[in-house]
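Letters A, B, ... are given to chains in the order of the sequence lines, protein chains preceding strands, and every chain is numbered from 1. Excluded from the calculations below are hydrogen atoms, water molecules and symmetry mates; all remaining heavy atoms, backbone and side chain alike, are included.
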Protein chains: 2
Amino acid sequence: MSDCSTCIVRNRAICASLNAEELAILGKMGRRQRVKAGQTLLWEGDDAPVVANVLAGVLKLAVSTADGREQIVGIVFPSDFIGRPFGKESPYSVTAMTDADVCIFNRNSFDAFAGTHLDLQQKLLRRTLDELDRARHRMMLLGRKTASEKVASFLLEISERLSGYGCAPERHGRFELPFGRQQIADILGLTIETTCRQLTRMRSDGVLDLPSRREVVINDRAAMEAMAG
Amino acid sequence: MSDCSTCIVRNRAICASLNAEELAILGKMGRRQRVKAGQTLLWEGDDAPVVANVLAGVLKLAVSTADGREQIVGIVFPSDFIGRPFGKESPYSVTAMTDADVCIFNRNSFDAFAGTHLDLQQKLLRRTLDELDRARHRMMLLGRKTASEKVASFLLEISERLSGYGCAPERHGRFELPFGRQQIADILGLTIETTCRQLTRMRSDGVLDLPSRREVVINDRAAMEAMAG
DNA sequence: CGACCCTTTGATTGCTGTCAATTATCGTGG
DNA sequence: CCACGATAATTGACAGCAATCAAAGGGTCG
């Protein structure tokens, strides 16, 4: 059982739609769990007996081909929802990219609860619609953008999303990536080498700085927006 | 006002969740409209005052860059739902690829109605989740598959989806594409030339036949599945 | 029959992937 | 604290796939 009243995402997660009484019921169903970076919570194609809210950390949703190519199809931040309500198999794997805390529910119990709570379901619907918009936006990126456009678009989107969670001071011009180069490549449908070269070129063009492996400073946001296509 | 009792998608569209009384209310809100092939219903970035059900025909959801590149981010078949509930702007354009019939609702009225009808909202949620799965599946295709894998995957997916609507006799080995080569290219993130070459190669390999511009016959489904990656 | 559009085919370019080697960073243990 | 090994990132050379540019073929519709 979880103590929802002290939950750090209480007001941003789907639970925000619930009153104290409902929260108590849902709270009894949930349990908190810590996930280490690199650990996989759900496997692509496997039965997915759980859904969850993210309390802290960043996770990736990924699809793989038989020969090992990976495409990251979603990135999940604190207060986001994980899992596939009303569906048995998980169509993608869910893996922690940083150490993470999640609030896990049995899927069947959650489905039943959601089925009788209109507000919760509406929150879920809105989130799913937003996520669908993001997915479609990224389809354009994957299908029609060049390597430099991809990297520029990616940096802008990430700086936006990170700023929404209070992780980015300085008008989100500076931020820390929650993932390495290979994972950026897997998000953008590029190789690590191409990703790297684009970043290097942007740095030598003065558009950004790379103070450390995971830090990014956007010097010229306008230029980067132009580059994003 | 529409006569829902004679609606051809009555049992497959989201309306299937409604009883006679509810249907009468929603029916009063909706109006049928014919859309000619090529005509655009909603424009990317514009205010989208309507949502709709597709009664007949096939429509595309597309995103474009400033310099004219297009990526098709969704394909909509009869009984599918169009539009963005709970959101003002349409994040993509909606254009008919064949002559089509749609059942249109004012978005605000529909949102209000959906907000008080749990079953309808649940149907909408399920559909949105399915569409999100498809979108993510296609992100893998766009980001990580080769041209031949893309074309093979595409033909298999389309033959599946068409068979779901009674458009494909002969164990869906033969079917008619509801779109031309350029649109296939826009779905797959390829150029029309590359798309064309892949199809030609598959034909000369004997995997498929192309009796006419829009007809496809899959001769060797196993080979095509192997090719799809 | 002719104009137009869509499709197909061909030649060439170039972006990105692949393969390989070097450098930088981080964690670990002496 | 430093040395070391392991892992991640970067850079370079080269190849190949798909894009681009160009032209011809095939259907359709007036």
Spacing of A:R214 atom CZ relative to D:dA9 atom C1', expressed in whole Å: 12 Å
Donor-acceptor under 3.5 Å (A:R10 side chain, A:C15 main chain): yes
Look at the side chain of A:D99 and the backbone N and O of A:A37, then say whether any donor-acceptor pair between them is shorter than 3.5 Å. yes
Report the residues that fulfil side chain to side chain contact (heavy atoms under 4.5 Å, CB included) with [X], sequence neighbours left out, ordered by chain and then residue number.
X	value
A:S212	A:E215
B:D205	B:R201, B:V207
B:T191	B:E193, B:T194

Nearest nucleotide by nearest heavy atom, which residue falls closer to the 5' end of DNA chain C, A:P211 or A:K145? A:K145
Salt bridge or not between [X] and [Y]? Use side-chain N to carboxylate O under 4.0 Å.
X	Y	value
A:D130	B:R84	yes
B:R127	B:D80	yes
A:R174	A:D209	no
A:R32	A:D3	no

Start and end of the DNA chain C segment that chain A contacts, any atom under 4.0 Å from a heavy atom: C:dT16 to C:dT25
Listed by chain and number, what are the ring pair (Phe, Tyr, Trp, His ring centres under 6.0 Å) partners of B:F105, not counting sequence neighbours? B:F110
Numerically ordered, the residues 67-76 of chain A set in heavy-atom contact under 4.0 Å with DNA chain C is none
How about CZ on A:R34, more than 12 heavy atoms from neighbouring residues, nucleotides or ligands closer than 6.0 Å, or not? no
Net bend of the helix from C:dC1-D:dG30 to C:dG30-D:dC1, end axes of five pairs each, nearest 10 degrees: 40°
For nucleotides 19-30 of chain D, give me one character per nucleotide, 5' to 3': B if any protein heavy atom sits under 4.0 Å from the base, S if the only such contacts are to the sugar-phosphate, - if neither. SBB----BS---
Is B:R136 positioned over the aromatic face of A:Y92, cation under 6.0 angstrom from the ring centre and no more than 45 degrees off axis? yes
Output the residues of residues 146-153 of chain B in contact with DNA chain D, where contact means a heavy atom of the residue under 4.0 Å from an atom of the strand; sort by number or write none. B:T146, B:A147
Would you be so kind as to tabulate the donor-acceptor pairs closer than 3.5 Å made by side chains of residues 39-58 of chain B, with sequence neighbours excluded?
unit_1 : atom_1 : unit_2 : atom_2 : d
B:Q39  : OE1    : B:K36  : N      : 3.1
B:T40  : OG1    : B:T95  : OG1    : 2.9
B:E44  : OE1    : B:S64  : N      : 3.0

Please work out if A:S212 contacts a base, only the sugar-phosphate, or nothing of the nucleic acid, heavy-atom cut-off 4.0 Å. nothing
Salt bridge (charged side-chain N to carboxylate O under 4.0 Å, His left out) contacts in which one or both residues fall within residues 60-72 of chain A, not counting sequence neighbours: A:K60-A:E70, A:D67-A:R69, A:R69-B:E149
B:S93 meets the side-chain hydrogen bond (donor to acceptor under 3.5 Å, both in side chains) criterion, sequence neighbours left out, with none
